[in-house]
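All values below come from the heavy atoms of this structure, side chains included, with hydrogens, waters and symmetry mates left out.
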Amino acid sequence: MFELGTGTGWNAALLALRAGPGQVTSVEVDPRLAGAAGLRLDAVDARVRVKVGDGTAGWPPYAPYDRVISTYAVDRIPWSWVAQTRPGGRIVTPWGRLGHVALTVAEDGRSATGWIQGLAQFMPARGTFSGPDDFSQVRGDAPAPDKRPWERDLGPLRDDWHLRFALRVALPDVRITVAADDDGLNAWLHDGITSWAALSAVENGKTLAHQGGPRRLADELEQAWEGWLEADKPDLYDYGLTVEPEHQYAWAHDADTGWPLTPADGLCPTRAAQLTCHIRSHDHSGPSACPGPQGMVDVGRNGGIVECVADPSQATAA
């Protein structure tokens, strides 16, 4: 077994109890933590191999592993974890900021696929860029350039964790906070860079959407929410993840025939550049929210081609 993130050594000790002495390798990026954990594990004769290193690279010397478990959250599954797991082996990890996934490595070793197992929040991998958490830091104090009525009830955004998970999949870099005041429910969204939206309850039960920055997050929220409704509101256990050497993506219901929600490779662009993408399909061509990194070409949910480019005019012809 292979553990990413030794920490105190407690989890590694439990793994050793289950798998047997000498069967567990654990990697910790912090030498101080690794040293202390190694002493604790030696004191109880757990016989765990504790190594200092970056978990992103795995630990090839003892591969392949039958089981891999991460104790920290990742937005993208490192391919090294799949490559160092036996065909048929399992990888369990917190994924993103809201769930955890269990993947099974394919018999040919060229992919890993599995279902979301439930809600979970873990510390992110070290070095993960998340930008400011405070909405006001992203919002600033400039006047909102865009204001319009918001018609949708915000209750499900606060109460329905299946919806919240679906939005996390569709808008992985967008943080959403919901709270009530005397006028009703309010929501604040931001991407940790420069784009933001505020859905503000006002008198007479109405809600106004204010948004600013390169992206229009209120519009993106509405589109993602509507897509979830059109897909018959899949719950979080209907979602899964497929990881391949150069690409990984989330889906709902079925990995082969289900609704391909979004690549898990991160939003196009590199976060600060705010590029656009171009969608080419049988009945539509135009700019849209981009689901992958610049230069990525992939099949979209309607069978069209999604190509991330700096300018829609750069997109290749359909």
Side-chain angles (χ1 to χ4, degrees), residues 29-30 72-76 94-99 119-150 152 154-161 163-202 206-225 262-277 287-294 308 310:
V29 71
D30 187 321
Y72 56 84
V74 294
D75 287 319
R76 177 180 174 84
W95 180 63
R97 295 186 297 275
L98 205 57
L119 296 173
Q121 289 184 309
F122 284 74
M123 62 178 289
R126 292 198 184 191
T128 300
F129 173 79
S130 59
D133 287 324
D134 191 336
F135 172 83
S136 63
Q137 290 181 269
V138 179
R139 165 67 174 88
D141 54 11
D146 188 293
K147 180 174 72 173
R148 64 176 177 83
W150 175 270
R152 199 182 295 275
L154 293 179
L157 193 61
R158 178 189 61 183
D159 301 328
D160 191 333
W161 284 100
L163 170 61
R164 290 292 292 265
F165 186 83
L167 295 175
R168 183 265 170 263
V169 172
L171 304 172
D173 59 344
V174 176
R175 297 163 217 188
I176 302 172
T177 303
V178 184
D181 62 16
D182 291 341
D183 293 317
L185 286 178
N186 306 270
W188 299 269
L189 299 79
H190 70 88
D191 66 356
I193 311 176
T194 55
S195 296
W196 60 272
L199 309 178
S200 304
V202 294
K206 296 182 179 180
T207 303
L208 292 178
H210 302 78
Q211 51 190 343
R215 298 166 64 183
R216 290 294 180 259
L217 295 186
D219 298 348
E220 291 186 27
L221 171 66
E222 197 159 38
Q223 292 164 9
W225 195 333
T262 178
D265 298 322
L267 292 178
C268 162
T270 57
R271 293 170 60 91
Q274 297 298 338
L275 306 175
T276 60
C277 79
S288 179
C290 194
Q294 183 180 4
C308 291

Does Asp191 reach the main-chain N or O of Thr194 with its side chain, forming a donor-acceptor pair under 3.5 Å? yes
The side-chain hydrogen bond (donor to acceptor under 3.5 Å, both in side chains) partners of Asp181 (sequence neighbours excluded) come to Asn186
Closest non-hydrogen atoms of Ala224 and Leu167, given as atom of the first, atom of the second and distance, are CB-CD2, 3.7 Å
Applying side-chain contact (heavy atoms from CB on, under 4.5 Å) to Ala180 and not counting sequence neighbours gives Leu185
Across all chains, not counting sequence neighbours, the side-chain contact (heavy atoms from CB on, under 4.5 Å) partners of Arg164 are Leu98, Leu157, Trp161, Ile176, Val178
Is any side-chain heavy atom of His190 closer than 4.5 Å to a side-chain heavy atom of Thr177? no
Sorted by chain and residue number, the salt bridge (Lys or Arg N to Asp or Glu O under 4.0 Å) partners of Arg152 (sequence neighbours excluded) come out as Glu226
Contacts of Ser136 meeting side-chain hydrogen bond (donor to acceptor under 3.5 Å, both in side chains) (sequence neighbours excluded), chain-then-number -> Asp134
The side-chain contact (heavy atoms from CB on, under 4.5 Å) partners of Ala209 (sequence neighbours excluded) come to Arg148, Trp150, Leu199, Ala218
When every non-hydrogen atom of Pro214 is compared with those of Ser195, the smallest separation belongs to CD-OG, 3.2 Å
Is the backbone of Gly212 close enough, under 3.5 Å, to the side chain of Arg215 for a donor and an acceptor to pair up by distance?
no
| Arg139/Trp188 under side chain to side chain contact (heavy atoms under 4.5 Å, CB included): CA gap, chis, key distance, verdict | CA-CA 10 Å; Arg139 165 67 174 88; Trp188 299 269; over 6 Å; no
key: Min side-chain heavy-atom separation Val202-Thr207 under 4.5 Å   = no
CG (Leu171) and CG (Leu189) are apart, to the nearest 0.5 Å, by 8.5 Å
Contacts of Pro156 meeting side-chain contact (heavy atoms from CB on, under 4.5 Å) (sequence neighbours excluded), chain-then-number -> Asp153, Asp160, Leu163, Trp225
Nearest heavy-atom approach of Pro94 to Tyr72 is CD-O, 3.5 Å
Sorted by chain and residue number, the side-chain hydrogen bond (donor to acceptor under 3.5 Å, both in side chains) partners of Asp146 (sequence neighbours excluded) come out as Gln211
All heavy atoms of Phe135 vs all of Ala198, minimum pair found to be CZ-CB, 4.2 Å
Query raised in the report: Does a side-chain heavy-atom distance below 4.5 Å link Arg216 with Pro145?
Result: yes
**Request:** Please say whether the positively charged group of Arg168, taken as NZ for Lys or CZ for Arg, lies over the ring of Trp95, i.e. under 6.0 angstrom from the six-membered ring centre and within 45 degrees of the axis.
**Result:** yes
